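The structure appears right after this line, and notes come after that.
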There are 2 protein chains.
Amino acid sequence: MTSLPSLLGDLDPTSDRAVFRQIADQLREAIDRGRFKEGEKLPSEAELVEHYGVSRMTVRNSFSVLQGEGLVHAEHGKGVFVRPRPPVRRLASDRFARRHREQGKSAFIVEADAAGSHPQVDSLEVKEEKASQDISTRLGSVRRVLARRRRYLLDGRPVEFATSYLPLDIARGTQIAEPNPGPGGIYARLEELGHHLDHFEEEIRARMPSPTEVKTLRLASGVPVIHLIRTAYDTEGRAVEVCDTVMAADAYVLSYQLPAT
Amino acid sequence: MTSLPSLLGDLDPTSDRAVFRQIADQLREAIDRGRFKEGEKLPSEAELVEHYGVSRMTVRNSFSVLQGEGLVHAEHGKGVFVRPRPPVRRLASDRFARRHREQGKSAFIVEADAAGSHPQVDSLEVKEEKASQDISTRLGSVRRVLARRRRYLLDGRPVEFATSYLPLDIARGTQIAEPNPGPGGIYARLEELGHHLDHFEEEIRARMPSPTEVKTLRLASGVPVIHLIRTAYDTEGRAVEVCDTVMAADAYVLSYQLPAT
DNA sequence: CTCGCCCACTCGTCTAGATACCTAAAGGAG
DNA sequence: CTCCTTTAGGTATCTAGACGAGTGGGCGAG
């Protein structure tokens with residue numbers, strides 16, 4: 001068996017850096033240098049207790065630092081592992097172009113299939129409800145809205161949770177109010193209904209997830225979420241949809257093109 | 001003095017939810033409901049130990065949960081406080097439009113002044129260096145680049161750290177290689193040099209900060225970073241600059257306009 | 001009144017151990 | 001051969017206490 005000292009070095013008792021930080025530093029560095037690879041198991045708490053001659057709480061404290069950085073994750077009864085980086089999904093800024101819409105299936109499905117992963121859509125809920133203050137403002141002072149909620153999964157892993165809000169006078173009684181909005185999604189339906197789309201506006205924030213989001217997206221600790229709020233405007237300048245999306249940040253790269261003019 | 005029970009309720013010993021999570025839940029809920037306001041001090045560890053009849057480590061564990069969520073922050077010798085949400089800086093997608101460039105001062109300064117805050121640029125470093133693999137690829141296989149590093153502060157708080165990389169054949173010997181690139185910034189200089197800008201491409205990720213980033217941006221725990229990589233293309237399709245930016249996620253909202261075509 | 005010290009309060013770090021529960025593999029009963 | 005039990009080795013949670021180190025207010029000396 002490889003001895004720990006060869007991988008991990010000693011503590012510096014003269015340093016005023018806390019012991020648990022020194023241990024975290026050494027583990028982090030070992031991970032960065034590839035001494036522990038993605039998915040690989042780190043030394044167990046007991047081994048580190050032995051190696052450094054500290055108490056177990058101190059070792060656990062080190063792990064919790066690394067966990068907060070999203071570098072490792074613990075599995076009860078098994079060990080602590082280097083967190084593998086999942087494949088990311090790239091969202092290009094032309095993802096709502098009409099040419100994509102004119103196909104049959106939803107953008108998510110098409111794209112995932114192309115990337116060779118298994119897509120899934122889940123926990124669909126479509127209902128009328130009272131608009132929150134924020135949604136109401138964005139849609140131009142509507143009281144009630146049609147809300148379409150769904151969760152997207154890639155190879156069984158939830159990656160995104162989204163809710164679309166539409167003014168009732170647009171959506172009620174149309175196929176948009178059905179669980180399955182038909183080919184091309186709700187944007188295709190909106191255009192058929194005479195609401196020709198002009199442009200979208202997207203607002204992006206990043207933050208740590210709420211406990212609910214941790215559950216819904218099955219997030220490991222140390223993984224932030226990207227919160228994206230998109231508003232769709234028709235050619236008359238009216239906001240016809242607001243889509244509120246929370247994405248697992250480790251599963252996404254967003255990409256935008258900006259004109260230089 | 002207001003008694004804690006009026007704010008915080010009891011533990012449920014029959015629940016299989018860990019005690020420290022129950023405590024964290026109650027504190028989180030109290031914060032969400034506004035019983036503790038932004039910047040306000042939470043009960044001290046000793047008070048919570050007393051109130052719940054648990055050991056101090058258990059209370060600390062609860063705090064560390066909330067800290068990881070970015071909800072609270074501890075100040076040594078003072079207490080644990082509800083983390084105030086700092087004012088955010090909005091980055092609009094037209095922020096690189098020529099009309100903004102034709103003014104004198106840098107976009108950051110102008111914008112911050114307008115918002116009534118005190119802007120500052122800091123730790124400027126301009127030097128030639130070897131391009132990393134990634135930068136080289138983005139710039140089209142260049143070996144060495146001019147790197148311009150700077151840090152942006154708002155009211156004394158660091159909010160963003162950025163490095164621009166330019167091919168040497170473009171930048172060397174020009175004002176771009178000077179610490180102060182002159183009015184309108186490097187994009188104005190590039191255009192003067194005949195590299196007419198056509199469009200930008202931005203890639204956005206969110207993740208937890210590295211220890212270096214925590215230091216540079218003085219980040220509280222539980223605050224992710226937004227990592228933005230922008231590539232500027234001239235009208236001939238050549239990549240003329242790559243700008244790598246790390247932003248404190250709690251200080252920014254990014255905003256983009258997408259055409260619907 | 002002012003300055004400086006002390007003390008109470010607060011969070012930070014660490015120890016040493018107890019109990020619970022999860023996982024995987026080995027071994028025995030059927 | 002299959003299924004259950006046992007066991008070893010992991011992490012999860014919690015306790016009780018010790019010492020360190022910032023912060024800020026009170027109080028006494030001058």
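Note that this is a predicted model, so its numbers are computed, not measured. Below, chain A is the first sequence line, B the second, and so on; all start at residue 1. FYI, side chains are in, hydrogens and waters are out, and symmetry mates aren't considered; it's all heavy atoms of this structure.
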Without decimals, in angstroms, what is the distance between [X] [atom1] and [N] [atom2]?
X	N	atom1	atom2	result
A:L11	C:dC14	CG	C1'	12 Å
B:R56	C:dG12	CZ	C1'	7 Å
A:N61	D:dT13	CG	P	14 Å
B:R17	D:dA12	CZ	C1'	14 Å
B:Q22	D:dC14	CD	P	8 Å
B:F63	D:dC14	CZ	C1'	17 Å
B:E45	C:dT13	CD	P	11 Å
B:E50	D:dA16	CD	C1'	16 Å

Looking only at side-chain N and O atoms, does B:S132 offer a donor or acceptor that is under 3.5 Å from a partner on B:D134?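 Absent: no donor and acceptor within the cut-off.
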
Check the side chains of A:R150 and A:S164 for a donor-acceptor pair under 3.5 angstrom, ignoring hydrogens and angles.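 On atom types as modelled, these side chains qualify, holding a pair under 3.5 Å.
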
If you check the [X] side chain, which of [options] turns out closest?
X	options	value
B:H76	C:dA16, D:dG22, D:dA16	D:dG22
A:T58	C:dC14, D:dA16, D:dA21	C:dC14
A:R60	D:dG10, C:dC14, D:dT13	D:dT13
B:F20	D:dT13, D:dT23, C:dC11	D:dT13
B:S44	D:dA16, D:dT13, C:dT10	C:dT10

Under-4.0 Å side-chain N/O to phosphate OP1/OP2 contact, A:K78 with C:dA24: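 Indeed, a polar side-chain atom of A:K78 lies that close.
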
A:R230/A:E201 ion pair, N-O < 4.0 Å: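 The answer is no: the pair does not qualify as a salt bridge.
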
Would you mind telling me which residue lines up with the more 5' stretch of DNA chain C, B:A46 or A:V54, judged by nearest nucleotide?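 In this pair, the answer is B:A46.
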
Steps toward side chain to side chain donor-acceptor pair (under 3.5 Å) verdict (A:H227, A:D244): CA-CA 8 Å; A:H227 188 167; A:D244 182 297; 3.1 Å; yes

If you go through the side-chain atoms of A:R21, does one of them form a donor-acceptor pair with the base of C:dT13 closer than 3.5 Å?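 Side chain to base: no pair below 3.5 Å.
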
Which class fits the ring pair A:Y256 and B:Y256: parallel under 30°, tilted 30 to 60°, perpendicular over 60°?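 Correct class here is parallel.
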
